[in-house]
Amino acid sequence: MHPLPPLRDVIARHGLSANRALGQNFLFDLNLTGRIARSAGPLDAGSIIEIGPGPGGLTRALLDHGAREVIVIERDRRFQPILAEIAAAYPGRLHIIDGDALKVDAAKLGQAPRRIVANLPYNVATPLLLAWLDSGTAFTSLTLMFQKEVADRLIAKPRTKDYGRLSIATQWRAEVKRLFDVPPRAFTPPPKVTSTVVQLIPRAEPLYPADAEMLEKVAAAAFGQRRKMLRQSLRQVSPQAEEVLVATGIAPTARGEELSIEEFCKLARAFKARRAPGAATAPL
């Protein structure tokens, strides 16, 4: 490990504090940053991409645990001098992108195998994740920290309160595993919620065949009003919703939370077929 100054000292020297508007919470605990880095391994091949490194606590851990190349994307220019100091301490191994992660195509950065490792800013965590999953197997793995309530939704199973659109969108595209929780006291400033580190392994092919846009539309309708029966909620997708449900063998009186991802995909295919040119029934 390179003898860089402690992070707290670096923050104090530069007179910096977390910007809540950008969802920033600094993670200074070396045991935790090291644990995240080890969870993402192996790191010695391809490129590691980190979002919102801030003062670089996790960045240091990734480099210290053998990352061949780390690419960080940071929109807050206050941290550029600190990140430059880390880059100088690890010559040729850290590359800094000054920009908004929502506008950067991470799938085109660095070399395969690409791994994303990040303590994600809470306010952009979900849109970033969905965009990365749309990239298919561009990433070997995603080791990410979310608010615990978001992580619960990512891994939720049918017939649970957390199961919904995000569960389906994520699990359809990736294998998802909860790694460990991180208490608020581990951060500066401490957030009001517990965080959870999750690892996602993108699937070579989605779990079941379905059109992504139609699957999202069906899930959105089914969970838009969770207590409604599907024969009512799915009328947003098609006036023939009850007919489609019967044809696919799904009870019209069921609710969205009762359906498996496979059944959602079956419905998406059935609704999509009714939109096809020449379909026997009326278009959606």
Side-chain angles (χ1 to χ4, degrees), residues 1-19 22-101 103-121 124 128 132 139-145 179-180 182 185-190 195 197 199:
M1 296 186 181
H2 195 281
L4 285 164
L7 275 175
R8 291 184 187 278
D9 293 352
V10 173
I11 289 291
R13 174 160 51 89
H14 287 269
L16 297 175
S17 60
N19 184 331
L22 296 179
Q24 293 174 346
N25 298 93
F26 301 153
L27 187 59
F28 294 142
D29 189 319
L30 296 180
N31 291 325
L32 278 171
T33 54
R35 187 177 181 187
I36 296 170
R38 290 191 299 275
S39 298
L43 307 176
D44 58 352
S47 300
I48 310 300
I49 301 165
E50 184 189 358
I51 310 302
L58 179 55
T59 311
R60 291 189 187 190
L62 292 167
L63 292 162
D64 286 338
H65 284 78
R68 184 184 68 85
E69 176 186 50
V70 177
I71 301 171
V72 297
I73 304 172
E74 178 56 73
R75 63 179 292 188
D76 189 340
R77 294 185 176 178
R78 297 179 304 156
F79 296 111
Q80 294 297 325
I82 298 177
L83 294 172
E85 290 173 9
I86 300 174
Y90 298 88
R93 295 171 59 195
L94 177 61
H95 303 283
I96 305 162
I97 295 177
D98 174 12
D100 184 343
K103 300 176 181 178
V104 175
D105 187 354
K108 295 181 179 178
L109 298 177
Q111 303 295 320
R114 296 177 186 84
R115 301 175 189 272
I116 295 184
V117 187
N119 169 18
L120 292 176
V124 293
L128 281 174
W132 295 332
F139 306 106
T140 298
S141 66
L142 311 170
T143 304
L144 308 170
M145 189 185 299
L179 297 184
F180 53 89
V182 180
R185 65 178 181 275
F187 298 91
T188 301
S195 300
V197 179
Q199 188 165 74

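Quick caveat, the model's predicted, so the values are computed rather than measured.
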- Message: Does Trp132 form a side chain to side chain contact (heavy atoms under 4.5 Å, CB included) with Leu144? I'd like the steps, not just the answer.
- Response: CA-CA 12 Å; Trp132 295 332; Leu144 308 170; 3.9 Å; yes
In chain order, what residues pass the salt bridge (Lys or Arg N to Asp or Glu O under 4.0 Å) check against [X], with sequence neighbours excluded?
X: Asp44; answer: none
X: Arg77; answer: Asp98
X: Lys108; answer: Asp105

- Message: Any heavy-atom pair between the side chains of Glu74 and Ile96 that's under 4.5 Å?
- Response: no
If you round to the nearest 0.5 Å, how far is [atom2] of [Y] from [atom1] of [X]?
X: Asn119; Y: Ile51; atom1: CG; atom2: CD1; result: 11.5 Å
X: Ile116; Y: Phe139; atom1: CD1; atom2: CZ; result: 4.0 Å
X: Asp9; Y: Leu4; atom1: CG; atom2: CG; result: 11.5 Å
X: Ile71; Y: Glu50; atom1: CD1; atom2: CD; result: 11.5 Å
X: Met145; Y: Leu179; atom1: CE; atom2: CG; result: 10.5 Å
X: Ile48; Y: His65; atom1: CD1; atom2: NE2; result: 12.5 Å

- Where the side chain of Arg185 meets the backbone of Pro190, is there a donor-acceptor pair that is under 3.5 Å apart?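 Looks like no, no N/O pair under 3.5 Å.
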- Task: Keeping the roles fixed (side chain from Arg75, backbone from Ala101), state whether a donor-acceptor pair exists under 3.5 Å.
- Result: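 Side chain of Arg75 to backbone of Ala101: no pair is present.
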- Message: Run the side-chain contact (heavy atoms from CB on, under 4.5 Å) test against Val104 and tell me which residues pass, sequence neighbours left out.
- Response: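 In terms of side-chain contact (heavy atoms from CB on, under 4.5 Å), with neighbours along the sequence ignored, Val104 is linked to Ile73, Leu109.
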- Message: Applying side-chain contact (heavy atoms from CB on, under 4.5 Å), can you list everything that pairs with Leu7, at least two apart in sequence or on another chain?
- Response: Phe28, Pro55, Arg60
- Please, which pairs that meet side-chain hydrogen bond (donor to acceptor under 3.5 Å, both in side chains) have at least one residue in residues 26-35, sequence neighbours excluded? none
- What heavy-atom pair brings Arg114 and Gln111 nearest, and what distance separates the two atoms? CG-O, 3.5 Å
- Message: Consider side-chain contact (heavy atoms from CB on, under 4.5 Å). Of Leu58, Val70, Leu83, which one does Pro53 pass it with?
- Response: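 When side-chain contact (heavy atoms from CB on, under 4.5 Å) is applied between Pro53 and each of Leu58, Val70, Leu83, only Leu83 qualifies.
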Residues which pass side chain to side chain donor-acceptor pair (under 3.5 Å) with [X], listed by chain and number, not counting sequence neighbours:
X: Glu85; result: Arg13, His14
X: Glu69; result: Ser47, His95
X: Arg115; result: Ser141

- Query: Are more than 12 heavy atoms from other residues, nucleotides or ligands located less than 6.0 Å from atom CD of Gln80?
  - Reply: yes
